[in-house]
Amino acid sequence: KGRLATCLTSVCRYEEALALVEDLRTNHRAWSSTLVTVEVDSLTGLGRHQDALATLDRALAGRPFMPGYRLLRGLIHLSLENFGAGWDDYTYRNLAITDHLRVLPFAPWSGQSLEGKSIVIAAEQGLGDQVMFASCLPDILAQRPARVVVEAVHRVAKTLARSFPQCEVIPTGQDRHFEWLKAIGPVDYFSLIGDLPRRFRRQRKDFPMHQGYLVADAARKQYWGDVLAKLEGTRKLRIGVTW
């Protein structure tokens, strides 16, 4: 029944999944992390976010450091724009899903003053995540550090280097080979790029208004401008798709 409930959530049959969870708990006194996850996924699928948060709070009452539950709760809080609570729980993401956990051999930055200090910002997750979290780099630079080294996966590095010339952007394979660290010398702190919003985006008002923080390659802009200018027809609506 537990496996069936899991399958039901995967095909969005949330009410049926919840009924099975209730049956297992009431008639079989069953409890497992799987059932909690099924219940939370079903409740959020039905838009019952507060009920899902209550379920996670009960599950965490006696086990406050369960990383999977903390991550789930954090994602729900973020979706509700409860940013402070959401980012706090989001710090458990690499303990809940350890496949890509990477730790650098420097002191972790936990909000200390960066004035005159050096910090390495380590890449994590996918391309879009790195682009999104890079919106916090101006907040780091505003603290007047002596040096900011930003690791980025190869495909993102050029864009970030153009957009944030005050940073030293190092392209890597985003793997567990840290040979590039030997060349940068002594560093005071490091932070995963996904941890920056916890410091700088705790309320809606903390999200700055801007006209874009990424700088495109001028030569590529000119190239595509020329291509589009040569297109036949008078239609002005053009949609670009990248895969």
Side-chain angles (χ1 to χ4, degrees), residues 44 49 53 70-94 100 102 104 106-172 174 184 187-221 224-225 239-240 242:
T44 54
H49 299 94
L53 288 174
R70 294 294 294 265
L71 175 59
L72 272 176
R73 190 173 67 176
L75 294 174
I76 296 171
H77 275 305
L78 289 175
S79 72
L80 297 175
E81 298 189 6
N82 302 328
F83 294 113
W87 293 125
D88 288 345
D89 278 345
Y90 191 68
T91 59
Y92 285 80
R93 64 194 178 281
N94 286 319
H100 303 291
R102 300 159 74 238
L104 275 63
F106 308 116
W109 183 61
S110 55
Q112 305 95 319
S113 171
L114 289 176
E115 186 168 0
K117 302 293 185 179
S118 57
I119 185 170
V120 173
I121 309 296
E124 64 168 310
Q125 303 182 58
L127 299 166
D129 300 286
Q130 290 178 41
V131 167
M132 176 175 66
F133 294 135
S135 64
C136 291
L137 290 178
D139 300 84
I140 286 286
L141 293 168
Q143 298 208 359
R144 296 187 292 181
R147 188 184 186 198
V148 179
V149 179
V150 179
E151 181 205 13
V153 69
H154 292 285
R155 292 170 60 194
V156 174
K158 288 183 179 179
T159 300
L160 295 187
R162 277 195 307 270
S163 306
F164 303 103
Q166 310 96 314
C167 299
E168 301 171 39
V169 179
I170 298 179
T172 75
Q174 197 178 331
I184 67 174
V187 171
D188 294 301
Y189 301 110
F190 92 94
S191 174
L192 295 174
I193 196 166
D195 283 335
L196 298 185
R198 187 185 183 202
R199 305 296 169 190
F200 302 119
R201 302 290 185 268
R202 297 191 66 81
Q203 302 178 66
R204 187 181 180 87
K205 67 179 182 179
D206 295 335
F207 288 78
M209 297 297 293
H210 55 72
Q211 299 301 313
Y213 55 91
L214 299 180
V215 178
D217 184 319
R220 298 304 292 166
K221 285 177 66 177
W224 283 107
I239 300 174
T242 180

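Both backbone and side-chain heavy atoms feed into the values below; hydrogens, waters and symmetry mates do not.
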Run the salt-bridge test on Asp89 and Arg70 with the 4.0 Å N-O cut-off and return the result as yes or no. yes

Can you list everything that forms a side-chain contact (heavy atoms from CB on, under 4.5 Å) with [X]? Sequence neighbours excluded, please.
X	result
Ala161	Val169
Ser163	Thr159, Leu214, Val215
Ser118	Arg147, Val187, Asp188
Pro138	Phe164

Residues two or more places apart in sequence or in another chain: which of them pass ring-ring contact (aromatic ring centres under 6.0 Å, His included) with [X]?
X	result
His154	none
Phe83	Phe207
Tyr92	none

All salt bridge (Lys or Arg N to Asp or Glu O under 4.0 Å) counterparts of Arg93, not counting sequence neighbours: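 Result, salt bridge (Lys or Arg N to Asp or Glu O under 4.0 Å) vs Arg93: Glu124, Asp195.
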
Mind checking salt bridge (Lys or Arg N to Asp or Glu O under 4.0 Å) for Arg144 and listing every partner two or more places apart, or none if nothing turns up?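 For Arg144 the salt bridge (Lys or Arg N to Asp or Glu O under 4.0 Å) partners, ignoring immediate neighbours, are Glu115.
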
Task: Sequence-distant partners of Gln112, side chain to side chain donor-acceptor pair (under 3.5 Å), two or more places apart - done: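 Result, side chain to side chain donor-acceptor pair (under 3.5 Å) vs Gln112: Ser110.
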
The side chain to side chain donor-acceptor pair (under 3.5 Å) partners of Tyr189 (sequence neighbours excluded) come to none

Step by step, would you call Ser191 with Leu196 a side-chain contact (heavy atoms from CB on, under 4.5 Å)? CA-CA 7 Å; Ser191 174; Leu196 298 185; 3.7 Å; yes

Sole candidate of Ile76, Leu72, Thr44 that passes side-chain contact (heavy atoms from CB on, under 4.5 Å) when paired with Leu53: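 When side-chain contact (heavy atoms from CB on, under 4.5 Å) is applied between Leu53 and each of Ile76, Leu72, Thr44, only Ile76 qualifies.
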
Locate the shortest heavy-atom distance separating [X] from [Y]; write the atom from each residue and the value.
X	Y	answer
Gln143	Trp109	OE1-CZ2, 4.0 Å
Arg102	Ala123	NH1-O, 2.9 Å
Ile193	Pro197	O-CD, 3.8 Å
Pro171	Ala157	CB-CB, 3.5 Å
Val153	Gln130	N-OE1, 3.2 Å

Atom pair [atom1] ([X]) and [atom2] ([Y]), whose distance is rounded to the nearest 0.5 Å:
X	Y	atom1	atom2	result
Ile121	Leu104	CD1	CG	10.0 Å
Leu114	Asp139	CG	CG	11.5 Å
Ile140	Ile119	CD1	CD1	4.5 Å
Leu71	Arg73	CG	CZ	11.0 Å

In terms of ring plane angle, is the pair Trp87 and Phe133 parallel, tilted or perpendicular, where the classes change at 30° and 60°? perpendicular

Residues 79-88 vs salt bridge (Lys or Arg N to Asp or Glu O under 4.0 Å), sequence neighbours excluded, gives Glu81-Arg204, Asp88-Arg198, Asp88-Arg202

Check: Is the CZ atom of Arg162 crowded by more than 12 outside heavy atoms at less than 6.0 Å?
Finding: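 Enclosed.
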
Please check this pair: side chain of Gln174 against backbone of Gln125, looking for a donor-acceptor N/O pair closer than 3.5 Å. yes

Ignoring hydrogens and geometry, is there a side-chain-to-backbone donor-acceptor pair from Gln166 to Leu141 under 3.5 Å? no

